[in-house]
Structures are given as structure tokens and as C-alpha cells.
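Here the structure comes first, spelled out in C-alpha cells, and everything after it is commentary.
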Amino acid sequence: MRELSGKVAVVTGAGGGIGRALALGLAAEGMSLMLADVEPGDLADTASLVEAVADGGKVLTEITDVSDPVAVEHLADRTFGELGAVHVLCNNAGVFQGGRMWTREPEDFAWPLGVNLWGILHGVRAFVPRMIDQDTEGHILNTVSAAGLFAIPYLGPYSVSKYAAFAASQSLAQDLAAAGSRLRVTALCPGGVRTGLNHSGRHRPENLVAAGRAEDEDEEVSAAIIGGLVEEGIDPAEVARAAVAAIREERFLVLTHPGYAEILREQTEALIAGTLPSFSGRGDRADGHDGGEVLPGRG
């Protein structure tokens with residue numbers, strides 16, 4: 001999609017961080033936008049910012065919990081009904097839950113899987129068939145994470161959800177290619193970004209909070225890891241620029257830090273050799289980035 005002006009984009013998790021930056025970047029390209037988030041105040045703030053830079057496009061908002069298939073279907077109905085089409089779908093909403101694999105409760109996996117994985121799957125099911133029927137150029141951009149490529153200690157639930165999100169993105173891209181579709185897919189894999197990912201727990205549904213469990217060492221360590229990554233991360237606008245470029249270039253994988261390619265190569269070589277990849281070095285070897293994603297080798 002070389003020409004974005006006059007087209008329509010949907011951005012979930014648009015209330016802040018990478019989602020807000022994507023909305024601003026796409027609006028500046030002249031696109032009309034449907035912005036979705038679970039937080040009404042944050043979503044309204046994003047809409048105001050976007051309207052100030054919008055180059056002729058409409059800006060609509062919809063409160064949406066992407067883990068709810070009915071809510072996402074309603075989002076699609078309203079978007080196609082009021083904007084007429086969807087050319088770019090940004091499945092961006094994301095939450096963070098850390099901890100070691102054997103200390104977490106089922107709810108600690110259900111929550112990030114519901115948003116980080118099922119949010120993408122619901123978006124694909126609700127939007128992609130209609131995008132295919134349009135028979136126009138189009139793009140699906142899924143915000144995955146470097147944690148969807150590199151599994152490091154104390155981030156088990158988050159990494160599990162993001163590895164699955166990467167697999168969903170690659171499977172979608174392969175299915176579309178096999179079907180001869182004009183739609184393309186990007187798996188956006190940021191590392192540390194200055195966002196609110198470390199505070200995403202405020203959006204956690206009460207029914208997905210493990211009953212009676214006080215904060216433990218795992219929670220403290222994982223909170224320190226994600227907090228440091230957010231604080232030292234890159235600006236979300238950098239990620240948005242890379243994402244827009246990937247849409248134009250039909251690039252499947254986007255790594256936001258130059259050192260990631262080498263880390264990915266080292267990991268692949270270790271796996272081929274049958275050994276466990278090691279991320280014991282410092283994360284700043286990657287040129288030290290919803291947002292605030294995980295750098296391998298920290299913590």
C-alpha cells in the first residue's frame with residue numbers, strides 16, 4: 001500500500017503508547033481512523049490529538065475490549081458501516097503479566113492470552129473476510145513484541161502470549177499468500193518503548209485476578225524488568241514510523257533495535273545445535289522498546 005491518503009485504518013489499544021503513535025502517524029498520512037481502547041478517557045485524549053493533525057480524514061472512537069469477540073465484531077460492523085471500508089487493521093492492544101512458569105496461576109495466563117493473542121484472532125475473524133471481499137490492497141499489522149521471538153526469565157505469561165501472537169501473524173500471512181489475496185501482514189516486534197505497558201494491570205478484569213495471592217518475588221522482579229525497559233525505551237513515534245514504512249514496503253517482520261537481528265541469528269544457531277539460547281548479556285547490546293516491549297538479555 002503505497003498510497004494511504006483517503007484510506008481507512010483501525011487501531012486497537014489506541015489510548016496511548018504505540019497505539020496512539022500509530023493513530024497520529026496514520027492520520028498524518030490522510031487516513032480516516034476508527035480508534036478503539038478499553039479506557040474511555042485515554043481514548044478521548046488520543047482522538048483529540050489525532051483530530052489536530054488529521055489531514056482530511058474522519059476520526060471515530062469505540063470503547064472495545066479486544067478479548068471479547070462480540071465487542072470486536074461490533075467494532076468491525078460500525079467501522080464498515082460508517083467508514084465504508086478498512087484498508088489497514090492494526091491489532092495493537094496489549095497487556096503485561098510476568099512471572100516464572102511454575103509460580104503463576106491460570107488467571108495469569110488467561111489475561112495476557114485473552115488480549116495479546118485472542119485480541120488478534122478476534123480482529124482477524126471480524127475484519128479480514130470483509131477486507132478480502134473488498135478486493136483492494138490492504139494490510140494487517142499485529143503488534144507482537146521482541147518477547148514473541150526471545151523468551152527470557154521471569155516473563156513467562158507475556159512471552160507465551162507473544163510467541164502465539166507471532167505464530168498467528170505468520171500463519172495469517174501464509175494463508176493470505178496461499179489464497180492469492182492482496183492483503184499483506186506485518187509482525188511488529190518492538191523492544192523497550194516509553195509507554196504505559198508496565199501499568200496495564202489497571203485494566204485487568206476482576207474475574208482474571210488470582211484470588212488471595214499477595215505480590216511475590218516473581219511479581220517484583222518482572223515489574224522491575226518491564227519498568228526499566230519502559231523507562232529506558234525508545235519513543236513510540238519511532239515504532240510508528242517503522243510500522244508505516246513496513247506497510248508501504250510489505251515487510252513482514254519489523255525489529256525496532258539494530259542489535260536484534262544478530263540476537264535472532266544467535267538464537268537460531270543455538271536452536272539448530274539443540275541448545276538453549278542464552279540471553280545472559282546486557283540488553284543494551286541491542287542498542288537499547290501495546291508498547292514497552294521486552295528486550296532480551298535484561299534482568
Side-chain angles (χ1 to χ4, degrees), residues 1-66 71-72 74-95 115 119-120 123 126-127 131 137-143 186 188 190 193-197 199-200 202-203 230 233-248 254 256 289-293:
M1 288 189 63
R2 295 287 178 181
E3 183 56 55
L4 300 180
S5 180
K7 304 293 177 58
V8 177
V10 177
V11 182
T12 67
I18 293 174
R20 178 174 288 179
L22 284 170
L24 289 167
L26 294 171
E29 295 284 345
M31 300 192 78
S32 290
L33 293 172
M34 172 63 83
L35 307 177
D37 201 276
V38 294
E39 177 53 53
D42 292 344
L43 185 58
D45 289 344
T46 296
S48 295
L49 293 170
V50 169
E51 287 168 351
V53 303
D55 187 12
K58 297 180 180 178
V59 181
L60 303 179
T61 62
E62 180 70 26
I63 305 302
T64 307
D65 176 359
V66 298
V72 178
H74 174 72
L75 176 67
D77 288 343
R78 186 172 170 225
T79 305
F80 281 98
E82 297 188 32
L83 296 177
V86 173
H87 303 94
V88 174
L89 170 64
C90 299
N91 291 310
N92 170 76
V95 297
V115 178
I120 290 175
F127 284 91
M131 293 173 71
E137 291 183 331
H139 209 96
I140 299 95
L141 182 134
N142 295 332
T143 301
T186 290
L188 178 63
V193 187
R194 294 195 296 275
T195 70
L197 185 67
H199 299 300
S200 58
R202 71 187 189 277
H203 300 308
V230 168
I234 64 176
D235 192 294
E238 290 188 45
V239 183
R241 285 192 291 271
V244 172
I247 292 171
R248 285 205 164 98
V254 175
T256 58
H289 125 149
D290 134 351
E293 308 291 293

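We find the OG-NE2 distance between S32 and H87 to be 10.0 Å, quoted to the nearest 0.5 Å. The line from OG1 of T12 to CG of N92 is 5.5 Å long, rounded to the nearest 0.5 Å. Between the OG1 atom in T256 and the CD atom in E238 there is a gap of 8.5 Å [rounded to 0.5 Å]. The CD atom of E137 sits 9.5 Å away from atom CZ of R2, with the distance rounded to the nearest 0.5 Å. One distance of note links CZ of R78 with OG1 of T61; it measures 6.0 Å at 0.5 Å rounding. Atom-to-atom distance recorded for D37:CG and D42:CG is 6.5 Å, nearest 0.5 angstrom.
The minimum heavy-atom distance linking L141 with A243 is given by the pair CD1-CB, 3.5 Å. For the residue pair G123 and N91, the shortest heavy atom distance occurs at CA-OD1, 3.7 Å. The two residues P236 and T195 have their closest heavy-atom pair at CG-CG2, 4.1 Å. The minimum heavy-atom distance linking A76 with A126 is given by the pair CB-O, 3.6 Å. Closest non-hydrogen pair, N142 versus I140, comes out as OD1-CG2, 3.5 Å. Closest approach of I63 to V38, counting heavy atoms only: CG2-O, 4.0 Å.
Using a cut-off of 4.0 Å between Lys/Arg side-chain N and Asp/Glu carboxylate O, E51 and K58 are scored as not salt-bridged.
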Just do the side-chain contact (heavy atoms from CB on, under 4.5 Å) check on M34 and F80 with the steps written out, would you? CA-CA 10 Å; M34 172 63 83; F80 281 98; over 6 Å; no
Step-by-step side-chain contact (heavy atoms from CB on, under 4.5 Å) determination, S48 to T46: CA-CA 5 Å; S48 295; T46 296; over 6 Å; no
Going through the distances and angles, do D55 and E29 end up as a side-chain contact (heavy atoms from CB on, under 4.5 Å)? CA-CA 7 Å; D55 187 12; E29 295 284 345; over 6 Å; no
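Partner V239 forms a side-chain contact (heavy atoms from CB on, under 4.5 Å) with one of V254, V244, I234, L22 and no other, that one being I234.
Side-chain atoms of L4 and I247, non-hydrogen and from C-beta on, do get closer than 4.5 Å to each other. Annotation: side chain of D235 is in contact with side chain of R194 (closest heavy-atom distance under 4.5 Å). L60 places none of its side-chain heavy atoms less than 4.5 Å from the side chain of L35. Annotation: side chain of V10 is not in contact with side chain of L33 (no heavy-atom distance under 4.5 Å). K7 is not listed as a side-chain neighbour of L26, based on a closest heavy-atom distance of 4.5 Å or more. At a threshold of 4.5 Å between non-hydrogen side-chain atoms, the residues R20 and L49 count as touching. By the 4.5 Å heavy-atom criterion applied to side chains, V8 and M31 are not counted as neighbours. Taking the side chain as every heavy atom from C-beta outward, P190 and I18 approach each other to under 4.5 Å.
Remark: the backbone N or O of S5 is paired with a side-chain donor or acceptor of E3 at under 3.5 angstrom. A donor-acceptor distance shorter than 3.5 angstrom exists from the side chain of T64 to the backbone of E62, with no hydrogens or angles considered.
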